[in-house]
Amino acid sequence: MTDNSEKVNDNVRMSRYSWDYEGLGEAVHWFLMAKAYLDCSIHLFSEMMDKKLKSSFHHAKVATMLFEHSIELFLKAGIVQAGQEVGKSHNLQELYNQFRKLYPGKKHQFEGDIVSAVRQISITPYNVYTRYPTDNFGQLWPGNTHIDLVIWYKQLCLFVKDFERLEPLLKERYPQGSKKTEN
């Protein structure tokens with residue numbers, strides 16, 4: 001293991017510190033994590049398309065999982081911003097329904113295909129299918145599916161714009177933010 005202060009080059013320090021974010025409110029942390037997962041998903045899809053990363057179905061599933069989790073965290077960020085509890089649900093459809101009640105109207109809509117992203121599909125259940133090679137019964141997933149790298153990449157780019165556009169609108173609607181201080 002190397003010393004935390006080791007530098008790769010003169011311009012980049014490798015350590016990242018949690019205390020740099022201590023003054024941020026709870027909702028801001030949710031927003032930051034959502035964006036980080038989305039950025040990593042886009043990076044993986046881009047690397048697969050550029051043939052810099054193996055583009056197997058399993059690599060694509062991992063990139064998809066990161067995207068799905070970014071959606072979950074962004075919806076929860078909006079819910080926390082509104083001063084509501086997020087609970088322990090991972091059900092994207094339920095979270096999206098709660099989000100839409102808190103943020104109605106066209107200006108709070110996503111350009112990315114959020115309806116498809118949150119839809120429950122029994123053959124590929126969220127939070128299980130993209131994370132594991134088998135279902136809850138230890139069986140390989142039935143049927144065949146595919147992940148089109150280009151289609152996914154284009155959708156992810158729309159969600160990047162959505163996150164950037166929506167976050168300030170959500171904070172504008174509920175300026176008090178979460179129960180913790182908002183910076």
Side-chain angles (χ1 to χ4, degrees), residues 16-45 60-132 135-136 145 147 151-183:
R16 299 296 179 260
Y17 303 102
S18 64
W19 57 76
D20 292 340
Y21 303 94
E22 285 179 347
L24 301 179
E26 182 182 4
V28 174
H29 284 282
W30 285 96
F31 284 121
L32 289 171
M33 288 295 293
K35 289 185 269 188
Y37 272 97
L38 183 57
D39 288 346
C40 290
S41 179
I42 285 176
H43 178 73
L44 291 177
F45 275 108
K61 277 181 68 172
V62 169
T64 302
M65 184 277 302
L66 294 173
F67 164 70
E68 290 175 342
H69 198 56
S70 76
I71 293 296
E72 177 183 343
L73 296 180
F74 189 83
L75 296 173
K76 287 181 174 181
I79 293 166
V80 170
Q81 182 66 38
Q84 305 292 309
E85 296 289 325
V86 291
K88 299 199 184 284
S89 175
H90 302 290
N91 185 309
L92 294 182
Q93 186 65 61
E94 288 175 10
L95 291 168
Y96 182 60
N97 292 344
Q98 185 178 359
F99 180 91
R100 291 300 299 151
K101 286 179 186 170
L102 293 167
Y103 302 99
K106 186 170 176 59
K107 80 178 195 175
H108 296 117
Q109 290 180 353
F110 290 81
E111 294 295 320
D113 188 1
I114 188 75
V115 173
S116 293
V118 302
R119 180 177 45 223
Q120 286 283 30
I121 303 171
S122 60
I123 195 167
T124 58
Y126 168 72
N127 211 23
V128 182
Y129 177 74
T130 57
R131 292 176 56 204
Y132 301 104
D135 64 18
N136 289 332
T145 59
I147 299 169
I151 291 172
W152 273 88
Y153 182 80
K154 288 178 180 177
Q155 277 298 308
L156 295 176
C157 289
L158 290 175
F159 279 99
V160 167
K161 292 177 183 175
D162 285 335
F163 284 18
E164 289 172 359
R165 178 182 56 81
L166 288 171
E167 182 179 349
L169 293 174
L170 306 183
K171 290 176 177 179
E172 176 185 292
R173 180 163 173 84
Y174 295 101
Q176 78 283 357
S178 64
K179 295 172 189 145
K180 297 179 183 173
T181 61
E182 197 68 37
N183 288 341

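Every value quoted in this text rests on a predicted model; they were computed, and no experiment measured them. Side-chain atoms are counted along with the backbone in the values below, which use heavy atoms only and exclude waters and symmetry mates.
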Distance-only donor-acceptor hits, side chain of residues 60-68, under 3.5 Å, sequence neighbours excluded:
unit_1, atom_1, unit_2, atom_2, d
K61, NZ, Y129, O, 2.8
K61, NZ, Y132, O, 3.3
T64, OG1, A60, O, 2.8
E68, OE1, T130, OG1, 3.0

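In this structure, the separation between CD1 on I114 and CG on L75 is 5.5 Å, given to the nearest 0.5 Å. Atom-to-atom distance recorded for F74:CZ and L92:CG is 13.5 Å, nearest 0.5 angstrom. Annotation: the span from H29 atom NE2 to S18 atom OG amounts to 9.0 Å, rounded to 0.5 Å. Remark: Q98 CD to Q84 CD distance equals 6.5 Å, nearest 0.5 Å.
Judged as a side chain to side chain contact (heavy atoms under 4.5 Å, CB included), and not counting sequence neighbours, the contacts of H90 are E72, K76, Y126, N127. The side chain to side chain donor-acceptor pair (under 3.5 Å) test applied to R173 returns no partner, not counting sequence neighbours. Scored by the side chain to side chain donor-acceptor pair (under 3.5 Å) test, R119 finds S116 as partners (sequence neighbours excluded). For D135, there are no side chain to side chain donor-acceptor pair (under 3.5 Å) partners two or more places apart in sequence or in a different chain. Under the side chain to side chain contact (heavy atoms under 4.5 Å, CB included) criterion, I123 pairs with I121, P142, sequence neighbours left out. For E172, the salt bridge (Lys or Arg N to Asp or Glu O under 4.0 Å) criterion is met by K107, not counting sequence neighbours. Residues meeting the side chain to side chain donor-acceptor pair (under 3.5 Å) test with Q120, sequence neighbours left out: none. Residues forming a side chain to side chain contact (heavy atoms under 4.5 Å, CB included) with V160 (at least two apart in sequence, or on another chain): L38, I42, E164. Every ring pair (Phe, Tyr, Trp, His ring centres under 6.0 Å) that H108 has, sequence neighbours left out, goes to Y103.
Across all non-hydrogen atoms, the minimal contact from A27 to Q81 is CB-OE1, 3.3 Å. Shortest non-hydrogen contact noted between P104 and K101 is CD-O, 3.8 Å. Pairing each heavy atom of S89 with each of L95, the nearest pair is O-CD1, 3.9 Å.
Between F99 and F110, the ring planes are tilted. Angles from 30° to 60° get that label.
Pairs of residues two or more places apart, or lying in two chains, that qualify as side chain to side chain donor-acceptor pair (under 3.5 Å) and include a residue from residues 31-40 are K35-E167.
Of the listed residues (L170, L73, L24), just one forms a side chain to side chain contact (heavy atoms under 4.5 Å, CB included) with F31, and that residue is L170.
Using a 4.5 Å heavy-atom threshold, the side chains of D162 and F159 count as touching. At a threshold of 4.5 Å between non-hydrogen side-chain atoms, the residues I71 and V118 count as touching.
Within 6.0 Å of CG on N136 lie no more than 12 heavy atoms contributed by other residues, nucleotides or ligands.
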